[in-house]
Each structure stands twice: as C-alpha cells, then as structure tokens.
Amino acid sequence: MASTRAQAFRKFIRETWYMLPVSLVLALVIELLNHHTPEKLILFLTGHPWMFLFNVEIIFNTFLFAELFRRRRGTRWALGILWVVLGAVNSIVQVTRVLPFTTRDVLLIPDGLKMITVYFKWYEIAGMFVGAALLIAGIVLLVVRCRKREPFDRAVSVGVFCAVTALTLVVGKVSVEVGDIDWEKTSLVDAYQNYGFAYGFTYTFADFGISRPTEYSEELVEEIADDVIEPTAAPEPEEAEPLTPNVVFVQLESFFNVHDLVDAEYSREPIPVFRELMETCPHGQLKVPSVGGGTANTEFEVLTGMNLDYFGAGEFPYNTILQDTTCETVAFNLKELGYTATAVHNYTGTFYGRNTVYAQLGFDRFVPQEYMNGLTYNALGWAHDSVLTGETMKALTTTPGRDFVFTVTVQSHGKYPDTPVEGLDDIAVLAAPETVNATALQNYVNELSQVDAFIGALIDELEDFDEPTVLVLYGDHLPALGIETDELATGDLYQTTYVLWNNFGLDMEGGDLQAFQLSAYVLGQLNIHTGILTRFHQNFAPDCDEDDYLSFLRVLEYDMLYGDHNIYGGDSPYQPTELQLGTEPIVCESFTYDPATATISVYGQNFTTYSDILVDGERKNAVFADETRLIARANGVTEDSRVRVGQFTREGDELGRSGFGKMREISP
C-alpha cells in the first residue's frame with residue numbers, strides 16, 4: 001500500500017511540475033498588467049524578488065486545485081484564463097480609479113453598474129458584457145470538452161493541495177510577522193505594487209473587519225477610559241460651557257489644491273475662492289484613506305473618528321459592518337447637545353447604501369438627489385454642485401435648533417475625458433506633468449472651478465445667515481488623473497487640504513491632520529467633548545507616543561464594533577435612527593381624477609422630478625408639474641383607490657412613500 005501511494009505521489013509530481021514555469025509566466029504577465037510598464041515591472045522584480053516568487057507560488061497553488069478533478073486539463077485552462085482576466089480587470093480599474101481591484105469590489109458591483117456609463121461608452125459596455133458572456137461560455141465548453149483523465153489517487157491530490165495551501169498560508173503569516181508585509185502601514189496602491197497582484201487580491205478575500213488585537217481585554221479598555229478619555233469629561237471651568245454653533249462639513253469630491261501639481265500651469269486661477277480661504281483661514285493637509293475613488297471611506301473616517309487601516313484591505317465598512325451595526329459618530333454625539341443631523345448628497349440615495357447606512361450613523365435626515373429640485377447636470381451626467389447651496393441652507397433653516405449638516409458634492413467626480421468637452425474650456429491648461437493628460441486635466445480643473453464657485457456661493461449665504469455657523473471644507477481624495485507621487489508638491493497621493501471658516505469671528509487653528517482626527521479637532525475648538533472617540537483624539541497631545549495612540553485606537557474600534565462594548569459598560573448606547581428622506585417629507589394630500597381622459601392629478605408638498613404616483617400599489621409614471629402637483633395616466637381610479645407618492649431612483653429602486661391622499665372630487 002505504501003509503495004502504491006509512493007508511486008502515485010511520484011506520478012503526481014511528474015504530471016504537475018511543469019505548472020511551475022507556467023505559473024511563472026502567468027505571474028510575469030499579471031505583474032506587467034499590474035505595473036503597466038516593463039520598467040516598473042523590472043523595478044518590482046529587482047526590488048521585491050521574494051514577493052514575486054510568493055506570487056508564483058500562489059498561482060501554482062491554485063493550479064493544484066485542478067488536480068482534484070477528472071477534467072484536470074480543462075480546469076487548468078479555466079484557472080489560467082481566470083488569472084489573466086483578473087489581472088486585466090485590475091489594470092483597467094487602476095486606470096479609471098487608481099485604487100486596485102480587490103475581492104471587496106464584488107460587493108460594489110451594483111453601485112459600479114450605476115456609473116458604468118460615465119467610464120465607458122455604450123459600445124464598450126456592450127462589448128464587455130458580450131465578451132464576458134462569451135468568455136464564461138467558452139470556459140465552460142473548454143472544461144466540458146476536455147477529455148477526462150485516467151483514474152487517479154485522489155487522496156494524494158488532496159493531500160498535496162492541502163499541504164501546499166498550508167505552506168502558502170504559513171509563508172504569508174510569517175512574512176507579516178517578520179515585517180516583510182505590513183498592510184496597516186502600506187496604502188492599498190503601494191501594497192499591490194510592492195506585494196504583487198496575486199498576493200494582494202487573495203489577501204483581500206480573507207481579510208475583513210478588525211481582527212481582535214492581542215492586547216484586547218476589559219481591563220485595558222477600562223485603563224484607556226480612565227487615563228485617556230475621562231480627563232476631558234471634567235474640563236477646566238473656563239471651558240465648561242461649549243459653544244454650540246451650527247456645524248457644516250462639506251466633503252468635496254476629488255477636490256485638492258491643484259497648485260500642488262508640479263509643473264502644471266493654468267490660464268487663470270481655477271480655485272480662487274478656496275485659495276483665498278487658505279490665505280485667510282485656518283487650514284492644513286488632510287491625510288485621507290483613498291485616492292482616485294472610495295469617497296465613502298473618507299466619509300467614514302471623518303464621521304466616526306475611526307482609522308480604516310485596521311479594517312480589511314480594500315474594505316468599505318458601509319457595505320459590511322454598518323449594514324446591520326450602529327457606530328458612534330459626530331452625528332450621534334452632537335444630537336446629545338440638541339443638534340439635528342442632516343446628510344445632503346446630490347447623487348442617488350442608494351449609492352454605498354447611504355439610504356440605510358446613515359440611520360446606523362445617527363443622521364435624522366438624508367437628502368439625496370431624488371429629493372431635490374433644480375438639478376442640472378454636466379456632460380458626464382453628474383449633478384452640478386450649485387444645487388447644494390440651497391439644499392444646505394434649507395437643512396439649516398427648517399429646524400428650530402442647531403444643526404449638523406454633512407454635505408457631499410459630486411460634480412468633479414471622474415472619469416475625466418481625454419477629449420475636449422464643450423463648456424469646459426474656460427480655463428486652459430498651459431502645462432501638465434508628463435503622466436497627466438493635459439486635456440483630461442483641463443476638463444477636471446474647469447469642473448473644479450465650478451465647484452469652487454459653489455463654495456463661494458455657500459459662504460455668501462452663511463455670511464448673511466443669522467445663526468453662528470462653522471464651515472469645514474475638505475477634499476475626499478485626489479482625482480484619478482494618473483498623477484504620480486513625485487508630481488505632487490506634497491509628495492503624497494493620500495493628502496488633500498481642509499479649511500475652517502466661521503461667520504461669528506471665532507479664532508480657530510489649523511494644522512496637518514488625519515481624516516479620522518478632523519471632527520474631534522473641530523469640535524475641540526468649540527469646547528465640545530461629547531463622544532468616546534472625540535475625547536480620545538482630543539486628549540492625545542500632538543507629541544504623544546504614536547504607537548500607543550494608534551494601538552489604543554485599534555482596541556477601541558474593535559471593542560465598539562466587534563468586541564464586548566466594554567467602553568460602554570457592556571451595551572452600545574446607539575440605536576438606528578428613523579431616517580427621514582428629504583429635508584421635509586413628501587406629503588400626498590389629495591387627488592382628482594378625470595375619467596374622460598383617464599388622468600389623475602395628485603396634490604401635496606415637496607414633490608420632485610423623481611416622484612411618481614402609486615395607485616393601489618401600482619406605479620404610474622408621473623409628469624412633474626411643480627412641487628405641489630403630479631399628473632399621470634391611470635385607469636379605473638375611484639374614491640376607494642389608495643393613492644400615494646413614491647420616490648424612485650433612475651434605476652427604479654424605491655426610496656420611500658408618502659402617506660395616502662384622499663379624493664377631492666371626480667370631474668364630470
């Protein structure tokens with residue numbers, strides 16, 4: 001028996017050894033796609049030879065999976081094709097959004113499909129779907145048509161596959177332990193460049209959430225609470241009374257100081273308002289967790305005070321833990337002081353699941369584009385940010401007390417066409433860095449100029465507003481323009497700029513910050529210290545021990561989201577809010593019906609162009625007359641019909657419904 005098993009093992013080696021050079025060639029192809037140029041590939045091979053060989057091992061490991069099947073040859077082909085396809089997808093994704101392709105992107109497919117027309121032309125989209133269908137059909141046909149192998153010793157195949165898989169896991173674990181691989185201190189972009197695609201992609205498959213820190217314990221959490229968090233709970237007498245102005249955060253899509261782009265010249269100043277604010281107001285560099293995309297992750301850090309480095313590589317908490325878990329945020333904290341928390345975003349309400357996630361984050365109201373009127377759009381289909389001036393002011397003026405308003409812009413979102421766009425030629429790009437397409441940069445800075453005008457209009461409104469208000473402006477990430485690190489004056493792809501402004505003469509301070517420190521820093525200057533993480537960030541002085549600071553922050557994040565809630569005494573005090581969509585609710589008051597024309601007219605309040613009429617649960621495409629009236633064709637409407645108004649996204653997703661209206665009259 002032992003001799004037979006040994007023979008089977010030797011046969012296994014003879015039949016699989018040549019998959020090693022195949023894996024080597026595949027790894028080279030994939031890394032060329034990952035690094036885009038032969039020069040950068042050579043730098044990777046010479047600078048990280050061990051990681052390249054580890055990537056070869058990972059690919060070889062997947063080929064050993066084929067040894068478990070009778071149709072081994074077909075499975076090998078399928079796996080090889082799959083690796084090349086993944087490498088190609090990663091290359092395309094890097095070009096369009098900078099951040100590489102991860103397994104977490106599978107969760108973002110529904111969101112990605114909503115904006116696919118922005119990044120690709122219709123014929124390209126059709127080609128991708130047809131190509132994907134043909135590829136899948138071809139792989140299935142290839143596997144089925146390949147001849148089955150002769151009977152084999154499956155135990156040997158399973159044993160070798162498991163042994164090599166275990167070796168791969170051990171090698172990866174040891175590399176992390178000895179410091180050769182450090183995801184927490186390496187950006188996702190740099191990780192794929194330094195560690196390779198095969199390793200980076202497979203690592204993101206298993207890595208999600210916050211792993212339990214080795215030092216985590218109830219005693220340590222209590223120690224952090226006593227030594228770090230509690231001191232501000234008893235502030236100095238002169239700081240006892242917090243200032244309670246309105247607090248408005250504006251997260252600016254892909255916005256940064258374009259003068260940080262080395263060797264770029266423009267025919268005129270693209271962002272005059274923001275530049276003047278930088279000269280006259282407190283400001284600083286803001287270290288953000290994303291580049292080219294990932295708006296929701298910068299948003300998460302600013303709202304929660306949590307560091308995303310401790311989550312899984314490429315993870316979006318909006319799509320994972322926050323789907324069913326509440327989280328302490330600046331919104332929850334300010335509500336303790338009587339604030340109303342409103343989020344405003346001129347894009348679809350379902351993107352990143354905001355229509356549900358914002359309830360987990362403590363917002364009372366959420367105003368997506370489906371609840372706005374007066375929308376206009378740029379050439380790519382993004383709403384102009386000018387609408388946000390009125391919507392932000394409406395959020396401030398429709399409540400009796402103070403407000404926390406979190407406004408997220410969208411107009412300057414990519415993709416930035418590399419061909420001229422009509423209307424985006426007011427500012428000419430006279431010079432651009434070598435890796436940046438000058439036409440794409442021109443399209444970007446002209447959109448940015450309009451966003452800058454929105455900032456100026458909002459400040460004009462707030463200057464005349466009779467309530468004290470603090471305004472925080474910051475970019476969520478750099479744009480996806482192919483910018484290289486050495487083409488930035490900051491030398492960092494993960495840095496944007498923030499500015500602090502107020503309308504009541506408050507002296508404030510700036511300084512360089514991490515995104516997860518921003519809200520605590522702003523609230524500290526208002527003598528507001530509510531919230532565990534707010535006090536934690538405020539009480540760690542700038543010259544504190546950084547290792548302790550980050551280590552304690554990780555412990556708190558784990559305890560709050562995944563642990564025993566020791567910091568709260570065992571139970572989280574936060575419950576999802578009853579999130580109202582729209583600054584003011586959609587109201588269906590009454591309806592009339594004309595049987596001669598089969599026309600129903602619905603009357604109410606706060607209707608938008610995204611409003612439709614529902615008759616006995618059936619959607620009727622309505623014509624928007626104005627904010628108080630909708631008209632639609634409908635048959636058989638009676639006094640007993642149940643009529644209401646629903647808000648729908650462009651894709652047909654229903655966001656909300658009004659109450660029922662009553663029939664006022666039946667026209668003769």
Side-chain angles (χ1 to χ4, degrees), residues 184-185 210 213 220-236 239 242-243 247 249 251 282-289 297-311 317 327-337 339 341 361-362 404 406 470 472 474 476 494-496 498-500 508-561 563 565-568 572-574:
E184 290 184 7
K185 294 183 179 180
I210 303 175
L220 177 57
V221 173
E222 290 177 353
E223 179 183 336
I224 296 172
D226 291 340
D227 295 344
V228 180
I229 296 173
E230 290 306 319
T232 312
E236 295 298 324
E239 296 183 341
L243 302 174
V247 179
F249 276 64
Q251 179 167 294
H283 66 280
Q285 294 298 114
L286 188 69
K287 184 81 168 183
V288 295
N297 277 351
T298 300
E299 189 174 310
F300 172 81
E301 285 204 348
V302 170
L303 288 171
T304 65
M306 291 189 177
N307 186 352
L308 264 169
D309 288 350
Y310 309 134
F311 287 81
C327 180
E328 178 181 313
T329 64
V330 62
F332 272 124
N333 295 337
L334 288 177
K335 281 158 63 69
E336 295 180 23
L337 299 177
Y339 281 70
L361 298 179
F404 169 63
F406 187 77
V470 169
V472 183
Y474 65 95
D476 61 350
Y494 290 82
Q495 280 194 4
T496 64
Y498 76 91
V499 170
L500 306 180
M508 304 183 75
E509 296 181 359
D512 296 346
L513 297 169
Q514 298 266 6
F516 57 80
Q517 298 169 323
L518 181 61
S519 60
Y521 185 73
V522 172
L523 295 184
Q525 299 189 61
L526 303 177
N527 297 330
I528 294 176
H529 311 294
T530 57
I532 297 297
L533 288 181
T534 297
R535 296 199 297 273
F536 175 81
H537 291 306
Q538 290 172 352
N539 289 337
F540 256 107
D543 58 351
C544 70
D545 186 286
E546 183 178 4
D547 290 339
D548 283 348
Y549 173 55
L550 296 177
S551 175
F552 289 171
L553 179 58
R554 178 175 186 159
V555 167
L556 289 175
E557 290 183 26
Y558 176 82
D559 183 66
M560 290 174 168
L561 292 179
H565 299 138
N566 293 314
I567 196 66
Y568 301 124
S572 173
Y574 302 108

So, for Pro213 and Arg554, which heavy atoms are closest and what is the spacing to 0.1 Å? CG-CG, 4.0 Å
Check whether any side-chain heavy atom of Arg535 lies under 4.5 Å from a side-chain heavy atom of Ile532, and answer yes or no. yes
Given the rule in the side-chain contact (heavy atoms from CB on, under 4.5 Å) test, do Tyr474 and Val288 qualify, once you have shown the distances and angles that lead to the verdict? CA-CA 10 Å; Tyr474 65 95; Val288 295; 5.7 Å; no
Please report the interatomic distance OH(Tyr558) to CG(Asn566), rounded to the nearest 0.5 Å. 10.5 Å
Is Glu557 reaching over with its side chain to a backbone N or O of Tyr310, donor-acceptor style, under 3.5 angstrom? no
Can you check whether Val555's main-chain N or O pairs, donor with acceptor, with Asp559's side chain at less than 3.5 Å? no
For the pair Val330 and Phe406, evaluate side-chain contact (heavy atoms from CB on, under 4.5 Å) and give the outcome as yes or no after the intermediate values. CA-CA 10 Å; Val330 62; Phe406 187 77; over 6 Å; no
Please confirm whether the backbone N or O of Leu361 pairs with a side-chain atom of Thr329, one donor and one acceptor, at under 3.5 Å? yes
Close side-chain approach of Phe249 to Val247, heavy-atom, < 4.5 Å: yes
Do side-chain atoms of His565 reach the backbone of Met560 as a donor and acceptor pair under 3.5 angstrom? yes
Quick one: does Thr530's side chain have a donor or acceptor within less than 3.5 Å of a partner on Asn333's backbone? yes
Parallel under 30°, tilted from 30 to 60°, perpendicular over 60°: which one fits the rings of Tyr574 and Phe332? tilted
Are side-chain heavy atoms of Ser519 and Thr534 found at a separation under 4.5 Å? no
Evaluate the criterion side-chain contact (heavy atoms from CB on, under 4.5 Å) for residue pair Glu301 and Asn307; output intermediate values, then yes/no. CA-CA 6 Å; Glu301 285 204 348; Asn307 186 352; 3.7 Å; yes
With distance as the sole test, does Tyr521 use its side chain to make a donor-acceptor pair with the main-chain N or O of Gly510 at under 3.5 Å? yes
Are Thr304 and Leu533 side-chain neighbours, meaning at least one heavy-atom pair lies under 4.5 Å? no
How many angstroms lie between atom NE2 of His537 and atom CD of Gln517, to the nearest 0.5 angstrom? 6.5 Å
Taking the side chain as every heavy atom from C-beta outward, state whether Leu308 and Thr298 have any pair of such atoms under 4.5 Å apart. no
Given side-chain contact (heavy atoms from CB on, under 4.5 Å), test Leu561 with Phe311 step by step and report yes or no. CA-CA 11 Å; Leu561 292 179; Phe311 287 81; 3.7 Å; yes
Within a reach of under 6.0 Å around CD of Glu509, are more than 12 heavy atoms found that belong to other residues, nucleotides or ligands? no
Within the 4.5 Å heavy-atom criterion, are Met306 and Cys327 side-chain neighbours or not? yes
Here the gap from Leu518 atom CG to Leu523 atom CG, rounded to the nearest 0.5 Å, amounts to 9.0 Å
Hey, what do you get for OG1 (Thr496) to CD (Gln285), rounding to the nearest 0.5 Å? 7.5 Å
Do the side chains of Phe516 and Leu553 get nearer than 4.5 Å, heavy atoms only? yes
Value rounded to 0.5 Å, distance of CG in Asn539 from CD1 in Ile224: 12.5 Å
Looking at Asn527, is its backbone amide N or carbonyl O close enough to the side chain of Gln538 to form a donor-acceptor pair, meaning the two atoms are under 3.5 Å apart? no
Gly362 and Ala341: which non-hydrogen atoms are nearest, and at how many Å? O-CB, 3.9 Å
